[in-house]
Every structure is written in C-alpha cells, then in structure tokens.
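What follows is a set of notes on a single structure, which appears directly below.
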Amino acid sequence: MKLSRQEKDSLRESFRNMSFRTKVDYIFTYYKLPILLILIAFLILSSSLYRYITRKETVVYLGLVNVSVGTDLEKALTRGFLENAGADLKKNQVNIYSGLYLSMDPAAEDHEYAYASRMKVMAAVNARQLDIVLMNQEAYNIFSQSGYLLDLSDCMKEYASYLTENDVVLEDNAIEFQLNEADEHRVVTERAVNGIDISRFPLFQNAGFTAPVYAGILANSPRLSASTEFLHYLIQDS
C-alpha cells in the first residue's frame with residue numbers, strides 16, 4: 001500500500017526520535033532481507049573482482065611423470081624460467097602437475113593410483129592443458145607410443161646430438177586379437193625424434209636423479225613457442 005506524504009513524514013519523525021538501539025532493531029526487523037541480499041551481492045562481486053585482478057596467465061603447463069623434484073629445482077622450473085623469459089611474476093605462472101605415475105604394468109598396490117594418473121593425463125591432454133612433460137624411461141615410452149609427443153627434429157635441431165628417439169604406435173590390433181577377431185597380435189610402429197635427455201644438463205646434474213630423465217613437448221600444445229623456449233631454458237649453459 002502506498003503511503004501518503006503525511007504518513008511518510010510521520011514515520012521519518014518517529015524514526016528520528018528513536019534511540020540508536022531502537023533504530024538498529026527497527027532496521028534489522030523490517031529490512032534484514034534486502035540488507036542480506038545486498039551483502040551477498042557485494043561479497044560475490046568483491047570475490048570475482050579479486051580473482052580477476054590477481055588471476056595469473058599460465059605460460060606453460062608442466063607435467064612431472066614418474067619423477068619428483070626438490071624445492072630448488074621446482075623453483076628453477078617455475079620462477080627461474082619466468083625470470084629468464086622476462087615475464088611478470090605477478091601476472092604469469094608455470095602450472096605444474098606433480099606426482100603423476102604411469103606404468104605399463106603397475107604393481108597391484110599401485111594400480112588405482114596409476115589409473116587415476118592416466119585419467120588425469122588424458123584429461124589434461126584433451127583439454128590442451130599439458131605442454132611439457134619431464135619423465136623417466138617408462139613414462140617416455142608410454143607417451144611416445146600413445147602418439148602424444150611432438151617431433152623435435154625441427155624446433156630443437158641445434159641440439160640434435162642430445163635428442164632421443166622412441167617408438168610411435170601407428171597400428172595395434174590388440175582389441176581385435178583379444179576378442180578373437182584376429183589370428184595374431186600385430187603392432188605397427190615407427191621411430192620418432194620426440195624427446196631429449198635433460199639429465200645430462202647443468203640444471204639437473206645435481207638434482208639426485210639416478211636414471212635418465214627425458215623432456216618432451218605435447219604434440220597438441222597450443223603454447224608451442226613458450227614450450228620450445230622452456231626446453232631451451234632447461235638446457236642452457238650446456
């Protein structure tokens with residue numbers, strides 16, 4: 001119901017004559033819902049604005065597969081690379097997937113972990129949110145045979161002596177063979193130059209690795225320029 005001007009003036013006068021506590025009780029009683037909605041809207045807007053202001057652009061997505069790195073090396077792989085590239089540390093980041101484990105034949109106690117890691121890797125690859133992988137020999141074999149890795153012959157040709165080859169599976173009738181739809185299991189492969197043994201370079205020589213560690217670039221990486229620059233950074237001063 002619409003109030004007359006006289007009624008509005010009367011209400012204003014009554015409100016002015018209230019004590020402070022009475023005014024607070026009055027406002028809370030009659031206006032708590034609008035005030036609550038305004039507060040919620042303000043919090044949502046403030047949170048969104050804060051996330052937007054502090055949001056960092058991911059320069060490269062890096063996966064550590066079957067390898068782990070210490071604090072110093074992780075800092076070199078993230079902050080060190082950004083500083084070397086002249087990137088603003090407040091606006092850019094290297095996103096690391098750590099603790100990933102892949103195996104052709106994981107032990108029973110590791111089977112669930114290996115399956116979860118494989119799903120995470122596949123999701124990242126399909127979302128094009130995995131650019132570079134550091135991996136041991138077994139993981140390198142898996143990535144290569146799956147056709148995930150980029151041929152490095154052209155973009156890293158100045159380091160040809162350090163590049164490594166691995167098999168890429170072109171054809172595999174394993175499913176047909178298991179279903180008795182083929183007389184024999186046949187796998188067709190080809191060799192590809194799709195990795196580099198980074199454990200031979202200064203940045204990794206004191207990292208405690210007891211076996212070779214390889215780096216590769218994902219074939220579907222949308223950040224190929226930054227990924228290539230990252231590999232050059234890893235092998236600098238070689």
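Predicted model only: the values in this text are computed from it and were never measured.
Checking side-chain atoms of Asn92 against main-chain N and O of Val59 turns up no donor-acceptor pair under 3.5 Å. With hydrogens and angles ignored, the 3.5 Å screen pairs no side-chain donor or acceptor of Thr58 with any backbone N or O of Val60. A donor-acceptor contact shorter than 3.5 Å links the side chain of Glu138 to the backbone of Met104. Between the side chain of Lys56 and the main chain of Val94, no donor-acceptor pair closer than 3.5 Å is present.
No chain of hydrophobic side-chain contacts below 4.5 Å, direct or via other Ile, Leu, Val, Met, Phe, Trp or Tyr residues, connects Ile132 to Phe143. In the hydrophobic clustering of this structure, Met122 does not group with Val169; members are Ile, Leu, Val, Met, Phe, Trp, Tyr whose side-chain heavy atoms approach within less than 4.5 Å, directly or through other members. If you chain together hydrophobic residues whose side chains sit under 4.5 Å apart, Ile96 and Met135 never meet in one group.
Between Leu224 and Leu150, some side-chain heavy-atom pair lies under the 4.5 Å cut-off.
Heavy-atom contacts from other residues, nucleotides or ligands closer than 6.0 Å to CG of Asn84 number more than 12. Annotation: Asp154, atom CG; neighbour count of heavy atoms from other residues, nucleotides and ligands within 6.0 Å does not exceed 12.
Closest of all the heavy-atom pairs between Val125 and Leu218 is CG2-CD1, 4.0 Å. Of all heavy-atom pairs between Gly63 and Leu130, the closest is N-CD1, 3.6 Å. Pairing each heavy atom of Thr228 with each of Cys155, the nearest pair is CG2-O, 3.8 Å. The minimum heavy-atom distance linking Leu77 with Phe230 is given by the pair O-CE1, 3.3 Å. Arg223 and Arg128 get closest at one heavy-atom pair: NH2-O, 2.6 Å. The shortest heavy-atom contact between Leu73 and Ala207 is CD2-CB, 3.8 Å.
Contacts of Glu190 classified as side chain to side chain donor-acceptor pair (under 3.5 Å), with partners at least two apart in sequence or in another chain: none.
No donor-acceptor contact under 3.5 angstrom links the side chains of Asn141 and Asp167, judged on distance only.
In this structure, the ring of Tyr162 has its center less than 6.0 angstrom from the ring center of Phe201.
Atom CG of residue Leu62 and atom OH of residue Tyr97 lie 10.5 Å apart, to the nearest 0.5 angstrom. The line from CD1 of Ile217 to OG of Ser227 is 5.0 Å long, rounded to the nearest 0.5 Å. In this structure, Leu152 CG and Thr164 OG1 are separated by 8.0 Å, a value rounded to the nearest 0.5 Å. Within the model, atoms CG of Leu134 and OG of Ser68 stand 11.5 Å from one another, a figure rounded to the nearest 0.5 Å.
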Would you be so kind as to tabulate the donor-acceptor pairs closer than 3.5 Å made by side chains of residues 193-200, with sequence neighbours excluded?
{"residue": "Asn194", "atom": "OD1", "partner": "Tyr140", "partner atom": "OH", "Å": "2.7"}
{"residue": "Asn194", "atom": "ND2", "partner": "Ser144", "partner atom": "OG", "Å": "2.9"}
{"residue": "Asp197", "atom": "OD1", "partner": "Ser199", "partner atom": "N", "Å": "3.2"}
{"residue": "Asp197", "atom": "OD1", "partner": "Ser199", "partner atom": "OG", "Å": "2.5"}
{"residue": "Ser199", "atom": "OG", "partner": "Val213", "partner atom": "N", "Å": "3.2"}

Could you pull out all donor-acceptor pairs under 3.5 Å where a side-chain atom in residues 109-118 meets a protein atom, sequence neighbours excluded?
{"residue": "Tyr113", "atom": "OH", "partner": "Gly99", "partner atom": "O", "Å": "2.2"}
{"residue": "Ser117", "atom": "OG", "partner": "Tyr101", "partner atom": "N", "Å": "3.1"}
{"residue": "Ser117", "atom": "OG", "partner": "Tyr113", "partner atom": "O", "Å": "3.2"}

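Ion pairing between a basic and an acidic side chain is recognised when a charged N comes within 4.0 Å of a carboxylate O; Arg186 and Glu171 show such pairing.
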